[in-house]
Amino acid sequence: MPQVRLFSIHKAGIYALYVLFLLLLAYLLNQLDRYCLAICTQPMAQEIEYGDQSCLALKNVSKDIRGDVDCPKIKNDPDSCDEQTGTDNETIVCDYNYNGNGFQYQLLVGPIFIVIYTFSGIPLGYAADLTNRKNLLAFCLIMWSAMTLLTGFATEYWHLAVLRFGLGIFEAGCTPFASSIIADYFSEDIRGSALGIYNMGIYIGYSLSYAFGNFITDANINGQGWRWTFFISGIPGFALGALILFTMREPERTLNRGEQAQKSKYEATALQRLTLAAKQFLSPSLLLICIAGSIRNGAGYVWGFNTQNYFNLYYPNENTGLWFSWIPLVGGSIGVVFGGVISDNVVRTRGPVARIWVLIFSLLLAAPFAAGTLFLPPPWAFVSQIPCYLFGEMWVGVTLAVVVELVPSAVRATAVAFYLFIITNIGGNMNLLVSPIEKASSLKTALYLLYPGCYVLGAAVFLLSLFVIKRDIKKVKNRELTDESRQGLLASDNQEGEEDAINYGSTKREGEIS
């Protein structure tokens with residue numbers, strides 16, 4: 001039985017747990033502020049006027065009055081859309097308006113945010129190794145919170161583009177600084193649990209974005225609707241930034257056991273380390289893992305940034321906040337932990353290659369439930385999301401485990417950064433495919449292809465990697481064994497040399513005495 005470390009985390013001490021709590025809150029706000037746009041995009045688009053227009057079902061009209069009128073199927077005909085009446089032959093049930101989707105929206109959630117986010121992560125991550133991390137984290141948190149708050153005042157599309165760009169720059173600093181601080185506050189035997197708790201912020205923040213984006217917008221505070229979602233999401237970051245700045249101590253930097261044993265390797269220049277890490281991605285197995293990871297990551301981005309649009313368009317009377325304020329939190333959190341436990345146990349009996357089988361089966365199991373969300377009407381569409389998250393989120397930690405097993409230990413952290421850079425740039429920009437597919441067919445078709453479709457495609461690429469991954473893992477291990485042998489021989493030669501020098505010195509002194 002594997003030893004459970006989660007309840008051993010208290011060994012780090014009360015102050016370390018306090019630091020972890022602050023970092024969890026920072027990551028929570030990071031994700032909340034990122035996804036608020038995705039939840040509020042329709043009312044934002046209708047006020048600011050960006051993206052595509054289509055025939056939308058009016059939300060204040062009941063299903064009984066709407067009857068059989070299917071507003072989304074009335075395309076490119078504003079007059080016909082606005083003339084559709086319900087079963088009473090009087091009530092207008094459709095409205096031709098901005099739907100919150102389209103190329104301009106996909107630019108906001110894709111390249112404008114993702115590209116600068118990933119490129120900013122490189123210098124910020126490097127800065128984390130050189131400067132005061134908690135001060136930089138506090139600064140980034142306050143700045144991205146300011147971007148979120150100012151979004152609530154936006155009146156033009158270019159305002160959104162500039163603020164989204166700024167959000168990408170400063171949000172990129174969260175995880176590099178936080179993970180480095182956690183590594184110095186928590187020892188190796190409980191560090192994984194600490195990072196696991198920190199990563200809960202992904203699902204808590206994403207779930208909260210649905211609660212805030214739906215319930216606060218519907219509350220229509222001061223008649224400002226969606227704007228208060230950004231005000232309320234942005235304000236807590238200033239208080240948390242102050243807490244981090246004035247109550248968190250910058251920890252002393254530590255080396256783990258592997259780094260201490262091979263300290264000379266870790267004293268390489270940044271360029272040498274980057275070059276060595278980059279070379280690893282020329283191997284067929286890592287290339288395939290990156291392609292598969294990008295496809296799966298893209299499916300997540302596509303669904304995450306188009307979920308609200310989908311339900312607004314096809315089921316306008318459904319409040320997604322009632323469901324998505326808890327499903328990602330519960331399903332995603334369990335799925336990530338479950339995937340790690342399963343892969344660790346399978347590896348013990350079947351070897352490292354078994355992790356790939358876990359990835360393949362988890363994605364294939366999740367795909368039908370992802371399709372079920374698009375095929376079934378509410379509430380079954382929402383219910384289908386629960387097993388989809390349970391199986392579909394298992395890939396996160398398992399894939400990272402595969403990556404670190406495919407690279408030398410000296411560049412594992414840098415290799416993981418490369419991997420995340422690749423899959424985020426490719427997957428994060430997959431949203432750009434939604435708009436052209438939607439125009440050629442429908443949003444539902446686009447989501448079928450890019451959500452469950454990419455789950456299956458990702459599983460197929462992971463399957464291809466099985467043909468080369470065992471060989472590449474063996475190469476890495478053999479190379480490290482060779483390096484260790486060489487170091488052992490050098491150490492032995494040095495010791496013999498020292499002994500010869502001592503003997504020579506003794507002989508010389510004896511000769512001088514005689």
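Quantities reported herein were computed from a predicted structural model and do not represent experimental measurements.
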Just by distance, do the side chain of [X] and the backbone of [Y] share a donor-acceptor pair under 3.5 Å?
X      : Y      : result
Arg164 : His159 : no
Thr41  : Gly100 : yes
Ser441 : Ile437 : no
Ser145 : Pro236 : no
Arg66  : Leu58  : yes
Ser285 : Ser465 : no
Thr424 : Thr118 : no
Ser362 : Leu359 : yes
Asn297 : Ile423 : yes

Could you check whether atom [atom1] of [X] has more than 12 heavy atoms from other residues, nucleotides or ligands sitting under 6.0 Å from it?
X      : atom1 : result
Phe165 : CZ    : no
Tyr157 : OH    : yes
Lys439 : NZ    : no

Using a 4.5 Å cut-off on heavy atoms from C-beta on, say whether the side chain of [Y] contacts that of [X].
X      : Y      : result
Tyr310 : Lys444 : yes
Ile169 : Met147 : no
Tyr105 : Asn306 : yes
Trp144 : Leu141 : yes
Gln104 : Leu160 : no
Ile114 : Tyr301 : yes
Pro43  : Thr217 : yes
Thr85  : Thr91  : no

Between [X] and [Y], which heavy-atom pair has the shortest distance, and what is it?
X      : Y      : value
Ala154 : Trp226 : O-CH2, 4.0 Å
Leu329 : Ser333 : O-OG, 2.6 Å
Leu56  : Cys81  : N-SG, 4.4 Å
Cys94  : Val69  : SG-CG1, 3.8 Å
Asp79  : Glu83  : O-CG, 3.0 Å
Leu443 : Tyr314 : N-OH, 3.7 Å

Spatial distance of atom [atom1] ([X]) from atom [atom2] ([Y]) [nearest 0.5 Å]:
X      : Y      : atom1 : atom2 : answer
Gln224 : Ile216 : CD    : CD1   : 13.0 Å
Phe281 : Ile422 : CZ    : CD1   : 5.0 Å
Asn431 : Leu450 : CG    : CG    : 8.5 Å
Tyr98  : Tyr50  : OH    : OH    : 11.5 Å
Ile426 : Met430 : CD1   : CE    : 8.0 Å
Glu438 : Asn99  : CD    : CG    : 6.0 Å

Parallel, tilted or perpendicular: ring planes of [X] versus [Y], cut at 30 and 60 degrees:
X      : Y      : result
Trp303 : Phe311 : perpendicular
Tyr198 : Tyr27  : parallel
Tyr206 : Tyr389 : tilted
Phe170 : Phe139 : perpendicular
Phe113 : Tyr117 : parallel

Are a donor atom and an acceptor atom from the side chains of [X] and [Y] found within less than 3.5 Å of each other?
X      : Y      : answer
Gln106 : Asn101 : yes
Ser80  : Tyr96  : no
Asn214 : Thr320 : yes

Side-chain donor-acceptor contacts of residues 237-248 below 3.5 Å, not counting sequence neighbours, with atom names and distances?
| unit_1 | atom_1 | unit_2 | atom_2 | d |
| --- | --- | --- | --- | --- |
| Thr247 | OG1 | Tyr18 | OH | 2.7 |
| Thr247 | OG1 | Leu243 | O | 2.4 |

* Is the distance between the ring centroids of Tyr35 and Tyr210 under 6.0 Å? ->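 Tyr35 vs Tyr210: aromatic centres not under 6.0 Å.
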
* Asked: Can we call the ring centroids of Phe230 and Phe212 under 6.0 Å apart?
  ->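 Not under 6.0 Å, so no.
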
* **Residue of the set Phe324, Trp326, Tyr315, Phe369 for which ring pair (Phe, Tyr, Trp, His ring centres under 6.0 Å) holds with Phe382** =>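 For Phe382, the ring pair (Phe, Tyr, Trp, His ring centres under 6.0 Å) check succeeds only for Phe324.
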
* **side-chain contact (heavy atoms from CB on, under 4.5 Å) between Ile360 and Leu466, intermediate numbers included** => CA-CA 10 Å; Ile360 294 168; Leu466 279 172; 3.9 Å; yes

* Residues Phe119, Phe421; criterion side-chain contact (heavy atoms from CB on, under 4.5 Å); working and verdict -> CA-CA 8 Å; Phe119 277 93; Phe421 177 83; 3.7 Å; yes

* Would you call Lys63-Glu318 a salt bridge at under 4.0 Å N-O? ->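 A salt bridge links Lys63 with Glu318.
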
* To do: Start with the C-alpha gap between Leu287 and Leu282, add the side-chain angles, then the distance that decides, and say whether side-chain contact (heavy atoms from CB on, under 4.5 Å) holds.
  => CA-CA 7 Å; Leu287 283 174; Leu282 297 177; 5.8 Å; no

* To do: May I have the step-by-step check of side-chain contact (heavy atoms from CB on, under 4.5 Å) for Gln42 and Asn97, ending in yes or no?
  => CA-CA 9 Å; Gln42 189 174 96; Asn97 208 332; over 6 Å; no

* To do: Test Leu28 against every option in Leu208, Ile202, Leu23, Asp33 by the side-chain contact (heavy atoms from CB on, under 4.5 Å) rule and name the one that passes.
  =>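 Testing each of Leu208, Ile202, Leu23, Asp33 against Leu28, the sole residue satisfying side-chain contact (heavy atoms from CB on, under 4.5 Å) is Leu208.
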
